[in-house]
2 protein chains.
Amino acid sequence: MTAYAEQVLDALGDPTRRAVLKRLRGRARSVTDIAAGLEVSRPAVSQHLKILKAARLVTDRAEGTRRVYALDTRGLEAVRRWLDGFWDETLAAFKEAAEREAAKERKT
Amino acid sequence: MTAYAEQVLDALGDPTRRAVLKRLRGRARSVTDIAAGLEVSRPAVSQHLKILKAARLVTDRAEGTRRVYALDTRGLEAVRRWLDGFWDETLAAFKEAAEREAAKERKT
DNA sequence: ACTTACGGTAAGTGACGGCTTACGCAGAGC
DNA sequence: GCTCTGCGTAAGCCGTCACTTACCGTAAGT
């Protein structure tokens, strides 16, 4: 559950992988097409795509001998939920602290 | 701008650092207090806190001889904006592709 | 002033991760 | 069937990064 979100964050914690995702904004691309816009070799891109796919940040479909990759929103949604949960708990803590403070005020 | 968001994502791309953040949910804690709940040494926590602070994911204030760290929402907000931007561009691309498809349909 | 608690930093080590080259396999076209 | 293109994987190298121990500065208590 939250372990999946951590996997996504690990996947997003690499500049090259983020560059791959950026390159997928707009249209789906083949592996060589993705690698053409980057400074790393095509096999390196393949390895990153494997990780991104496991994190559900990309999907792939076969198109003849080529493999076309596209963005998968599920990974991004997982990060959003993780973020929301974090923020909610932070706010709850602030609220609780404020109430504790108010109770202390009342005593004095 | 977007470079800052990348810095935050890099900071979030480590399990120990995420554990530190989780430990800061709820209440602010001192360094030794944070390290007490983790499996790494206190100096290791200090090094991570330095990175988290640079990414504006935590803030620190001196309290006597102790240093109390708390969550900083700015880093999380930056990730949220990064996510939103990504999602918007993806949706825009989908919309554009759909319109192109519709135009092609009209011709036939 | 001495001691004690707390935390940042230096130095060194080990491992993990990202990259490259080389290879093998599948599908499309001649 | 042969070739050519596209992609994944294996093997290996190298850099980086997270971690440890040791040390030093600082603030508070006695």
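To find a chain, count down the sequence lines: A is the first, B the second, and so on, and within it residues start at 1.
- For Arg81(A), there are no salt bridge (Lys or Arg N to Asp or Glu O under 4.0 Å) partners, not counting sequence neighbours.
- Rounding to whole angstrom units, CZ of residue Arg66(A) and P of dT5(D) are separated by 14 Å.
- The minimum heavy-atom distance linking Ala55(A) with Val8(A) is given by the pair O-CG2, 3.6 Å.
- Rounded to a whole Å, the CZ atom of Arg67(A) is 16 Å from the C1' atom of dA28(C).
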Problem - Base versus backbone protein contacts along nucleotides 23-30 of chain D [heavy-atom cut-off under 4.0 Å; B, S, -] - result: ----SS--
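- Of the candidate nucleotides dT9(D), dG8(D), dG7(C), dG7(C) has the atom lying nearest to any side-chain atom of Thr32(B).
- Listed by first and then second residue, the side chain to side chain donor-acceptor pair (under 3.5 Å) pairs involving residues 36-52 of chain A are Arg17(A)-His48(A) (not counting sequence neighbours).
- In terms of heavy-atom proximity, Tyr4(B) sits nearest to Arg56(B) at OH-CB, 3.1 Å.
- Between Arg61(B) atom CZ and dC6(C) atom C1' there is a gap of 16 Å when expressed in whole angstrom units.
- The terminal axes of the helix from dA1(C)-dT30(D) to dC30(C)-dG1(D), fitted over 5 pairs per end, subtend an angle of 20° to the nearest 10°.
- If you measure from atom CG of Asp33(A) to atom P of dT5(D), you get 17 Å, rounded to the nearest angstrom.
- The interatomic distance linking Arg29(B) (CZ) with dG7(C) (C1') rounds to 17 Å, in whole Å.
- Minimum interatomic distance between Ala11(B) and Leu57(B) (heavy atoms only, all atoms of both residues): CB-CD1, 3.9 Å.
- Between Tyr69(A) and dG8(D), a side-chain N or O to OP1/OP2 separation shorter than 4.0 Å is present.
- Shown here for Ile34(B) and Leu38(B), the closest heavy-atom pair between the two residues is O-CG, 3.5 Å.
- Evaluation of the side chain to side chain contact (heavy atoms under 4.5 Å, CB included) rule for Arg18(B) yields Glu6(A), Leu9(A), Asp10(A), Trp82(A), Pro15(B) as partners, not counting sequence neighbours.
- A search for side-chain hydrogen bond (donor to acceptor under 3.5 Å, both in side chains) contacts involving Arg29(A) returns Asp33(A), not counting sequence neighbours.
- Listed by chain and number, the residues in a side-chain hydrogen bond (donor to acceptor under 3.5 Å, both in side chains) with Arg25(B) are Glu89(A) (sequence neighbours excluded).
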Counting only pairs under 3.5 Å, give me each side-chain donor-acceptor contact of residues 63-70 of chain A, with atom names and distances, residues two or more places apart or in other chains.
| residue | atom | partner | partner atom | Å |
| --- | --- | --- | --- | --- |
| Glu63(A) | OE1 | Arg61(A) | NH1 | 3.2 |
| Arg67(A) | NH1 | Asp60(A) | OD2 | 2.3 |

Set out, line by line, the N/O atom pairs under 3.5 Å between protein and nucleotides 14-19 of chain D.
| residue | atom | partner | partner atom | Å |
| --- | --- | --- | --- | --- |
| dA18(D) | OP1 | Arg17(B) | NH2 | 3.2 |
| dC19(D) | OP1 | Thr16(B) | OG1 | 2.8 |
| dC19(D) | OP2 | His48(B) | NE2 | 2.2 |

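- One atom, CD1 of Ile34(A), and another, P of dG6(D), lie 14 Å apart when rounded to the nearest Å.
- With sequence neighbours excluded, the residues that form a side chain to side chain contact (heavy atoms under 4.5 Å, CB included) with Arg80(A) are Asp84(A), Arg80(B), Leu83(B), Asp84(B).
- The interatomic distance linking Gln7(A) (CD) with dG17(C) (P) rounds to 13 Å, in whole Å.
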